[in-house]
Amino acid sequence: MVVNVTHRVISPGMFIGTEDADVISFGSGQPDLAPPFDVSKVFLNFSKFKYGKICGEDELKNKLRGYVKREFGHDVSEECIAVTNGASEALDLALRMVSLRHDRKRVLLTKPCYYSYPHLARINHMMPVYTDAKINLEDVKEKSRNCDVMIVNSPANPTGDVIEKSVLRGIQEITEDNGCLLISDEVYHSLTYRGKHYSPKGDNVITINSFSKTYSLCGYRIGYVFCQDMEFIRDICDIKAHTSMNTNLLSQRVAMECLCAPKKHVVRNREIFQRRRDYIYRRVKESGFEVEKPEGAFYILPKTGDSMRMARDLFFDHKVIVYPGEWFGCPGHVRLSFALPIDKIGEGMERICEYVAKL
Ligand SMILES: Cc1ncc(COP(=O)(O)O)c(C=O)c1O
């Protein structure tokens, strides 16, 4: 890992995709568990090297159509689905299209929220407006009047919160009444430790999902977006035709196989993450930090005081990666990803305690 030790500078780009045996990483949100089948079996007989369809291969879209109906109760035609380079591209394309079509130029986000949302809003010439992540529907009603789109993310990064079904329904109705679109980012849908995942529905809803977290395929860059508005999907595919073009065909084949794999794999992974959640929550509390128990995803967000300094010191002096709350709009907290084995979580917590004891 190449780091700038002189200036003790840290950034997400420095940590994503890098590994070092000595470093305990509570940083990047990527599952350490394997995909549901031996991915190499796809390589052996895969020989599609030409361009593929911009909005996704028919076979995968057909499978996805059945999957989103079965899993989330969404009834969409294949023309209403686009396969993308992860949820990241889906979010960018959706916001580009919103920005092109609408003129309020504001995106309603929660605070804290996933760190890419404000950047994606600005890249697409829109201003982020914030409402508290502990949703107050009155505030959403007030603010969504002046916004083109709101983004909700449940289970949430970085809080691990799961938004109640009744609240998600309330948000959907309010945004629809206010002529505001609703992007529902559900990349952690399979990691809910309380109740069943609820996926908002309605004519104004754009759903975004990914194979990164549920099927441990972060590096394959495969996700999708769907909504009831066929033209919206067609228009974002027109943009995609001039930007990334088709999504990697090999990744689409692997994604197909994931959807055919027994569901017990996803259930087992959730159980593993739930055990890690219970363990890290106990360790963080025992270490004296104020913290809420995550209800989903694989993040925990203790209150720590000077979080930027803590993240720098832990990385440079103790070889532990944590993400400062500043990156997510919640200074004074650090985000720990528990997508790593329990023994590593234990060792990382020891190092954090050593650091805190010396302060
Ligand atoms: C809330 C949220 N949305 C989207 C993404 C991006 O996912 P993908 O790997 O599918 O691009 C992440 C990744 O951490 C995330 O936490």
Side-chain angles (χ1 to χ4, degrees), residues 11-13 15-18 25-33 35 56 60 64 81-96 107 109-121 123-124 128 133 149-163 168 182-192 197 199-200 206-226 236 240 243-244 247-248 251-252 254-255 258-259 273 294-301 321-323 325 327-330 335-340:
S11 67
F15 296 137
I16 297 169
T18 57
S25 179
F26 292 111
S28 189
Q30 54 181 343
D32 54 317
L33 310 170
L60 176 58
L64 274 172
I81 305 175
V83 177
T84 55
N85 290 282
S88 305
E89 188 190 25
L91 282 162
D92 182 34
L93 288 171
L95 287 176
R96 281 187 202 213
V107 184
L109 302 175
T110 60
K111 200 171 232 176
C113 66
Y114 174 48
Y115 58 33
S116 294
Y117 296 157
H119 293 280
L120 285 169
I123 288 167
N124 290 300
V149 62
M150 175 175 183
I151 305 183
V152 283
N153 170 222
S154 175
N157 175 7
T159 58
D161 284 349
V162 170
I163 307 176
L168 284 169
L182 179 64
I183 293 182
S184 178
D185 177 346
E186 302 178 24
V187 302
Y188 299 102
H189 70 92
S190 62
L191 293 170
T192 304
H197 175 71
S199 181
I206 299 160
T207 309
I208 285 177
N209 220 319
S210 170
F211 287 77
S212 290
K213 321 289 176 176
T214 307
Y215 294 107
S216 311
L217 284 181
C218 294
Y220 276 61
R221 311 306 307 127
I222 180 116
Y224 52 99
V225 47
F226 61 87
I236 65 170
K240 192 166 157 57
T243 53
S244 67
T247 300
N248 186 305
S251 298
Q252 292 194 53
V254 171
C258 287
L259 295 181
F273 279 114
E295 300 167 323
F298 39 60
Y299 307 106
I300 188 163
L301 193 68
I321 298 174
V322 302
Y323 282 7
W327 293 352
F328 306 90
C330 60
R335 189 198 77 171
L336 308 182
S337 153
F338 47 90
L340 71 173

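Note that ligands are numbered from 1 as they come in the structure, with each ligand's atoms numbered from 1 the same way. Computation of the quantities below employed the complete heavy-atom set of this structure, encompassing side-chain atoms and omitting hydrogens, waters and symmetry-equivalent molecules.
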inquiry  = Is a donor from one side chain sitting under 3.5 angstrom from an acceptor on the other, for Glu89 and Ser244?
reply    =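 Yes.
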
### Task
State, without any angle test, whether Tyr117 and Asp185 hold a side-chain donor-acceptor pair at a distance under 3.5 Å.
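There is such a pair between these side chains.
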
task = Heavy-atom contacts with Asn153 under 4.0 Å: which atoms of ligand 1 show up? List them by number with element.
result =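 Once the distances to Asn153 are compared, the set is 1 (C).
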
List every atom of ligand 1 that sits less than 4.0 Å from any heavy atom of Gly86, numbering the atoms from 1 in the order shown and giving each element.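 The atoms of ligand 1 under 4.0 Å from a heavy atom of Gly86 are 10 (O), 11 (O).
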
Any idea which protein heavy atom is nearest [atom], and the distance to it?
atom: atom 7 (O) of ligand 1; result: Ala87 CB, 3.8 Å
atom: atom 9 (O) of ligand 1; result: Ser212 OG, 2.7 Å
atom: atom 10 (O) of ligand 1; result: Ser210 OG, 2.6 Å
atom: atom 2 (C) of ligand 1; result: Asp185 OD2, 3.4 Å
atom: atom 6 (C) of ligand 1; result: Ser88 OG, 3.4 Å
atom: atom 14 (O) of ligand 1; result: Lys213 NZ, 2.7 Å

In this structure, OG of Ser190 is separated from NE2 of His197 (nearest 0.5 Å) by 9.0 Å

Assess the pair Phe26 and Tyr323: is the distance between their ring centroids shorter than 6.0 Å?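 Ring-ring flag for Phe26/Tyr323: false, centres at least 6.0 Å apart.
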
Would you say the ring centroid of Tyr299 lies under 6.0 angstrom from that of Tyr188? yes

So for Tyr117 against ligand 1, with non-hydrogen atoms under 4.0 Å, the contacting part is side chain

Q) Is it the side chain, the backbone, both or neither of Tyr188 that has a heavy atom closer than 4.0 Å to ligand 1? A)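 For Tyr188, only side-chain atoms sit under 4.0 Å from ligand 1.
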
Determine the interplanar angle of the Tyr224 and Phe226 rings, folded into 0 to 90°, and report it as parallel if under 30°, tilted if 30 to 60°, perpendicular if over 60°. parallel

Residue pair Thr84 / Val225, side-chain heavy-atom distance below 4.5 Å | yes

| message | Looking at ligand 1, is there an atom of it that comes within less than 4.0 Å of some heavy atom belonging to Arg221? | response | yes

- Message: Donor-acceptor check, side chain of Asp92 to backbone of Ala94, threshold 3.5 angstrom: yes or no?
- Response: no

